[in-house]
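Structure first, commentary second.
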Amino acid sequence: GAVVSQHPSRVICKSGTSVKIECRSLDFQATTMFWYRQFPKKSLMLMATSNEGSKATYEQGVEKDKFLINHASLTLSTLTVTSAHPEDSSFYICSAITFEYNEQFFGPGTRLTVL
Amino acid sequence: AQSVAQPEDQVNVAEGNPLTVKCTYSVSGNPYLFWYVQYPNRGLQFLLKYITGDNLVKGSYGFEAEFNKSQTSFHLKKPSALVSDSALYFCAVRGYGGATNKLIFGTGTLLAVQP
């Protein structure tokens with residue numbers, strides 16, 4: 001199966017700083033990538049859908065200026081949490097899809113803790 | 001609107017016994033259904049999917065799921081549970097039609113297998 005990586009796996013930052021999370025498809029070209037947020041013992045909440053070379057589509061209630069998504073190439077999407085606050089602390093998971101496969105492949109997740 | 005319901009927050013089963021994790025769905029048109037498993041602080045791992053064909057779908061790690069159109073269910077099953085099966089299980093349905101490949105997740109069911 002296809003492999004998706006995320007970096008970093010864990011990050012701790014101070015309130016007010018910005019944090020960038022990378023999502024890479026390692027052995028396939030991802031036409032679309034998704035960013036999810038997961039609270040403890042809760043389901044995944046889709047934040048946005050990103051297509052290579054175009055602006056991300058954000059879900060209702062997700063602040064696009066807060067969560068900046070860039071999908072610069074077919075193998076890389078980045079999520080930047082700007083001016084992070086403690087309430088942004090969460091587990092962020094990306095996934096990628098390609099027309100060759102009929103399923104999403106998920107990254108291992110990034111644990112963000114904002115102090 | 002499409003939705004997925006997992007009615008049980010937690011399922012407890014003794015090792016060696018059969019297990020069932022329930023999922024019901026509501027979609028317009030034919031559903032694309034998925035099961036994923038998540039271990040602590042990890043991303044989601046694909047278990048199995050139903051697109052079309054046989055109602056009984058076999059997946060990874062000895063899991064299977066039965067698609068029941070009349071009951072709009074897609075319950076996950078395994079004949080003999082292992083302690084290592086203890087994890088969080090998510091049922092999901094894929095958006096139907098158009099360019100969307102969004103997955104709609106259930107709330108998750110925590111499976112606890114006692115030795």
Side-chain angles (χ1 to χ4, degrees), chain A residues 1-11 21 23-26 30-52 54 56-60 62 90-113, chain B residues 1-11 21 23 25 30-53 57 59-61 65 86-112:
Chain A
V3 179
V4 176
S5 71
Q6 279 184 244
H7 179 81
S9 58
R10 185 182 296 267
V11 57
I21 302 170
C23 176
R24 293 183 185 273
S25 56
L26 297 185
T31 49
T32 303
M33 288 185 170
F34 302 88
W35 285 97
Y36 296 86
R37 182 174 178 176
Q38 185 180 29
F39 294 97
K41 298 183 180 180
K42 295 291 185 182
S43 187
L44 280 72
M45 180 191 80
L46 179 65
M47 299 174 67
T49 303
S50 105
N51 294 296
E52 186 265 338
S54 62
T57 302
Y58 290 81
E59 295 298 303
Q60 192 173 9
V62 178
S90 194
F91 195 53
Y92 292 88
I93 303 175
C94 74
S95 71
I97 195 166
T98 177
F99 287 122
E100 182 180 2
Y101 298 104
N102 215 2
E103 62 188 80
Q104 288 185 26
F105 298 96
F106 286 82
T110 297
R111 172 74 59 191
L112 171 63
T113 303
Chain B
Q2 294 164 125
S3 64
V4 172
Q6 291 181 245
E8 303 154 314
D9 288 340
Q10 182 162 336
V11 169
V21 183
C23 172
Y25 65 89
N30 296 319
Y32 288 9
L33 294 160
F34 302 80
W35 274 103
Y36 290 88
V37 59
Q38 185 182 32
Y39 295 96
N41 294 310
R42 304 292 297 275
L44 272 65
Q45 295 179 34
F46 170 78
L47 280 180
L48 50 81
K49 66 183 175 186
Y50 172 83
I51 304 297
T52 186
V57 179
S60 306
Y61 313 121
S86 299
L88 190 57
Y89 291 81
F90 289 101
C91 181
V93 63
R94 199 171 104 180
Y96 178 76
T100 179
N101 288 304
K102 292 194 293 187
L103 285 175
I104 300 164
F105 284 90
T107 50
T109 299
L110 183 64
L111 174 65

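Per chain, numbering begins at 1; letters A, B, ... match sequence-line order.
Considering CZ of Phe106(A) and CZ of Arg42(B), their distance stands at 14.5 Å, rounded to 0.5 Å. To the nearest 0.5 Å, the span separating NZ on Lys102(B) from OG1 on Thr57(A) amounts to 8.5 Å.
For Gln45(B), no part sits under 4.5 Å from any heavy atom of chain A, backbone or side chain. Looking at Gln6(A), neither its backbone nor its side chain comes within 4.5 Å of chain B, counting heavy atoms on both sides. When heavy atoms are compared at a cutoff of 4.5 Å, Leu44(B) approaches chain A by way of both its backbone and its side chain.
Here the closest non-hydrogen pair linking Gln104(A) and Tyr36(B) is O-OH, 3.5 Å.
Ser43(A) is linked by a side chain to side chain contact (heavy atoms under 4.5 Å, CB included) to Phe90(B), Phe105(B), counting only residues two or more places apart in sequence or in another chain. In this structure Tyr39(B) satisfies the side-chain hydrogen bond (donor to acceptor under 3.5 Å, both in side chains) test with no other residue, sequence neighbours excluded.
Across Arg10(A), Met45(A), Arg111(A), Gln38(A), the residue that shares the most heavy-atom pairs under 4.5 angstrom with chain B is Gln38(A). Between chain B and the options Thr49(A), Leu44(A), Thr110(A), the largest number of non-hydrogen pairs under 4.5 Å is found for Leu44(A).
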